[in-house]
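Notes follow the structure.
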4 protein chains.
Amino acid sequence: MSPKPNVTTMRTTQIIEAATTVFAEKGFDRATMEDIADAVGINKATIYLYFDNKDALIHAIAERLFDQELAGLQAAHDLQNTAMERLTAYYETLITEESEVMPLMPILYEFYALGLRRDDVRAVITDFIHQLTGLLAAIIQEGVENGEFAPTDARQAARALDALLSGTLLHWVYAPEEVDVDAQLRYGVQLIFRGLLH
Amino acid sequence: MSPKPNVTTMRTTQIIEAATTVFAEKGFDRATMEDIADAVGINKATIYLYFDNKDALIHAIAERLFDQELAGLQAAHDLQNTAMERLTAYYETLITEESEVMPLMPILYEFYALGLRRDDVRAVITDFIHQLTGLLAAIIQEGVENGEFAPTDARQAARALDALLSGTLLHWVYAPEEVDVDAQLRYGVQLIFRGLLH
Amino acid sequence: MSPKPNVTTMRTTQIIEAATTVFAEKGFDRATMEDIADAVGINKATIYLYFDNKDALIHAIAERLFDQELAGLQAAHDLQNTAMERLTAYYETLITEESEVMPLMPILYEFYALGLRRDDVRAVITDFIHQLTGLLAAIIQEGVENGEFAPTDARQAARALDALLSGTLLHWVYAPEEVDVDAQLRYGVQLIFRGLLH
Amino acid sequence: MSPKPNVTTMRTTQIIEAATTVFAEKGFDRATMEDIADAVGINKATIYLYFDNKDALIHAIAERLFDQELAGLQAAHDLQNTAMERLTAYYETLITEESEVMPLMPILYEFYALGLRRDDVRAVITDFIHQLTGLLAAIIQEGVENGEFAPTDARQAARALDALLSGTLLHWVYAPEEVDVDAQLRYGVQLIFRGLLH
DNA sequence: GATGAATGAGGTTTCATTCAT
DNA sequence: TATGAATGAAACCTCATTCAT
């Protein structure tokens, strides 16, 4: 009811955002609670008023990061018509957000690594991949049904498409001068589209 | 009179292998030098006779891991004839080694994360990706030249192919029950091949 | 409403004083941060809230020790009249403080040794000797100008006087039963005074 | 009997000499047995064939250093005639050996510090000072007896003289550009001689 | 006599976390 | 809600010393 956004919520967000940056720069283990507090401009102990401990903070970041990503992609294609257009809108979002995505890559890989060791993080990632696959599969399935695409296993196709996108990001972060993400993404997706069409 | 294998080399290898396992399990920062020493069955201090410090050990692992991977892939396709067969041999290596690859995934992502923060590690990875791309591009280029594939930018195609493979591994580790790597890899690669053919 | 003495300043002083004692007993390298913490009755880690590291702590002690010594000597002679009286007051300070000086001798020689290896410590000592020489030279110069002393190079005389005092302390600490500091100091100084008079 | 100097004796000497240099550079605690072995060009473990442990090595150095110093001074004045000449010969030795003495100053102060904590080292130093004082006192006593010097307590005079010399070295090492040892020593000694004469 | 290899015992420093104010 | 002060528990790294060869 109260229109004024809760102070607590703001602080929580502040901390999560600062922590995301700090973790991306130093890694989960090398970044200290003090580094994060300094980035927010508060005292180290204050973080503990908002998060039980470092692990909980990391978990919160994982949730926000992957949920946000999902929401962004979901929104992107809602406006489009054909399956092709919707898939295109999807990866163009990535291209557009390029400069925002780059600094998050380190923390993304940290999460991929951490998720294989911590169940709560794994759950977040598994869920993200599951939902994303579902999202893409649904679009592809539509395309198949309305004759845009040749009949195929939509889930496998969805995974292939997402795999290609994820993998392309890896090439990009490790060879930024050599790889033109934009072109490379378009190229890869066209390749797959051509495979799907008929 | 086979020259008795240098004790030092053996120890070095022992340590690297044990460390790889330990790091894969706990992560670079959470794993302690003592954990590693225990895994080898030696004293903590002994590791320092073979590696200057933890970072140097991690670096040595990176080199061995990526170089080994590259060598494995390189060897795999040497025996084949057509470009298609050679590319196929390439990803079938991945499928065959599945059980060996899985436990390395955590350390692989650790490296992808760490490489974005440490120049020496970044260099190893960049080099790996570069060489791998070159390897695949050469095969594809051959295919284009002998008419197996339609004309295309071989490097972009190579990146697309590798991206798809890398990305598929990610789906696999995070949804092992849901994803049949074998089928998924074949599916994705077929998709790309179909795009390349004509 | 006297401003309540800063807790931090108090702790800092506590630590410096305890560390001085501990270092005097065990030497800079043999004394551990834990020894010092125990002497203060705090945790080892707490010291690091007040000093960046062991070296910084040692540096702080050097500054306090030599500055304090200088201040003590400076104060001592301010009240006197003739140059002779002022010089006398100076070394009588040493005699009076005998029991306080003795336990500091080990750390003093540690500093003399360390100063030849660490620039920051060397600077403190060099400055101390420089100032001390200046102090004594000024008094001697006055004595020369008002006819108390025969004309001489005041700086050389000052160094000779201080050298004799320092050297006498060495004899004293290494032969405390044999050397009566009081008598020995008086004797030496008289010798020099006799040399200066006319 | 055997004129060929024992190999063992040579090694022992080699080690002592190398260790003296290394200790002078790094201090007793910072210098490692390996540093010393490297300086000799032998293996770390070999040192233990010649010395029981690090402390024993340090002790051996102390003995050699102070005994040698004493022998040097003793020899110096043997040839002279008057007490004055003999005392003069004594400090001129110091001046002549200046370049050899300077690099030993750090280890000398280390010993002065260590001697206040380790009985075996203390004994060496106490003995050195005792003998040196005796040496000088004997000369002065002669001077008194043959009328060169006015009657005085020869031991006190000896200590004063040595104190002045030791103290002058301190000024010198900490202000080498400012202090002309040669001149300063002469000045100081003249001052004392003038006090002794009549 | 000499050494390569190994280790036990520590020492410095860091840091997540707590708590009184 | 916020924080200054403190700490327990490590972790990395070093080094004197030993010993089999």
Round to a whole Å and report the spacing from CD of E34(C) to P of dA9(F).
12 Å

Can you tell me which nucleotide in dA2(E), dA6(F), dA16(E) comes closest to the side chain of K54(A)?
dA16(E)

Strictly by Watson-Crick or wobble contacts shorter than 3.5 Å, is anything paired with dA20(E), and which nucleotide is it?
dT3(F)

Is R11(B) close enough to dA6(E) that one of its side-chain N or O atoms is under 4.0 Å from OP1 or OP2 there?
yes

Among the nucleotides dT12(E), dT18(F), dA6(E), which one has an atom lying closest to any side-chain atom of Y50(B)?
dA6(E)

Can you tell me if T8(C) touches the phosphate of dA5(F), counting only side-chain N or O atoms and a distance under 4.0 Å to OP1 or OP2?
yes

A31(C) near the nucleic acid: base, sugar-phosphate alone, or nothing, with a heavy-atom cut-off under 4.0 Å?
sugar-phosphate

Candidate nucleotides dA6(E), dT17(F), dA5(F), ranked by approach to the side chain of L49(C) - the nearest
dA5(F)

Within this structure, what is the CD1-to-P distance between I36(D) and dA2(E), rounded to whole angstrom?
17 Å

Roughly, in whole Å, what's the span from OH in Y48(B) to C1' in dG11(E)?
14 Å

Whole-Å distance, K44(A) NZ to dT3(F) P, equals 13 Å

Between M33(C) and M33(A), whichever has its closest DNA chain E nucleotide further toward 5' is M33(C)

Nearest 0.5 Å, please: how far is CD in E25(C) from CZ in R117(D)?
10.0 Å

5' priority, DNA chain F, between G41(C) and F28(B) [closest heavy atom]
G41(C)

Should the side chain of K26(C) and the base of dG11(E) be counted as holding a donor-acceptor pair, with the cut-off at 3.5 Å?
no

For the atom pair CG (L114(D)) and OH (Y109(D)), what is the distance rounded to the nearest 0.5 Å?
16.0 Å

Mate of dC12(F) where both pairing distances stay under 3.5 Å, Watson-Crick or G-U:
dG11(E)

Whole-Å distance between dG10(E) C1' and D29(C) CG?
14 Å

Between K54(C) (side chain) and F28(C) (backbone), is there a donor-acceptor pair under 3.5 Å?
yes

Please check: side-chain N/O of K26(D) versus main-chain N/O of D35(D), any donor-acceptor pairing under 3.5 Å?
no

Could you check whether any side-chain N or O of Y174(A) sits under 3.5 Å from a backbone N or O of Y112(B), counting only pairs where one atom can act as donor and the other as acceptor?
yes

Measure the distance from CG on D52(A) to C1' on dA16(E) and round it to the nearest whole Å.
13 Å

Identify which nucleotide among dT7(E), dT13(E), dT3(E) has an atom closest to any side-chain atom of A45(B), counting heavy atoms from C-beta outward.
dT7(E)

To the nearest Å, give me how far apart CG (N53(D)) and P (dC15(F)) are.
17 Å

Side chain of N43(D) - closest among dA2(E), dT7(F), dT3(E)
dT3(E)

Touch class at under 4.0 angstrom, heavy-atom based, for T32(C) against every strand present
sugar-phosphate

Taking T13(C) for the side chain and T9(C) for the main chain, is one N or O donor matched with an acceptor at less than 3.5 Å?
yes

Atom CZ of F51(C) and atom P of dT13(E) are separated, to the nearest Å, by 13 Å

Per nearest nucleotide of DNA chain F, the residue lying toward the 5' end, R30(B) or I47(A), is I47(A)

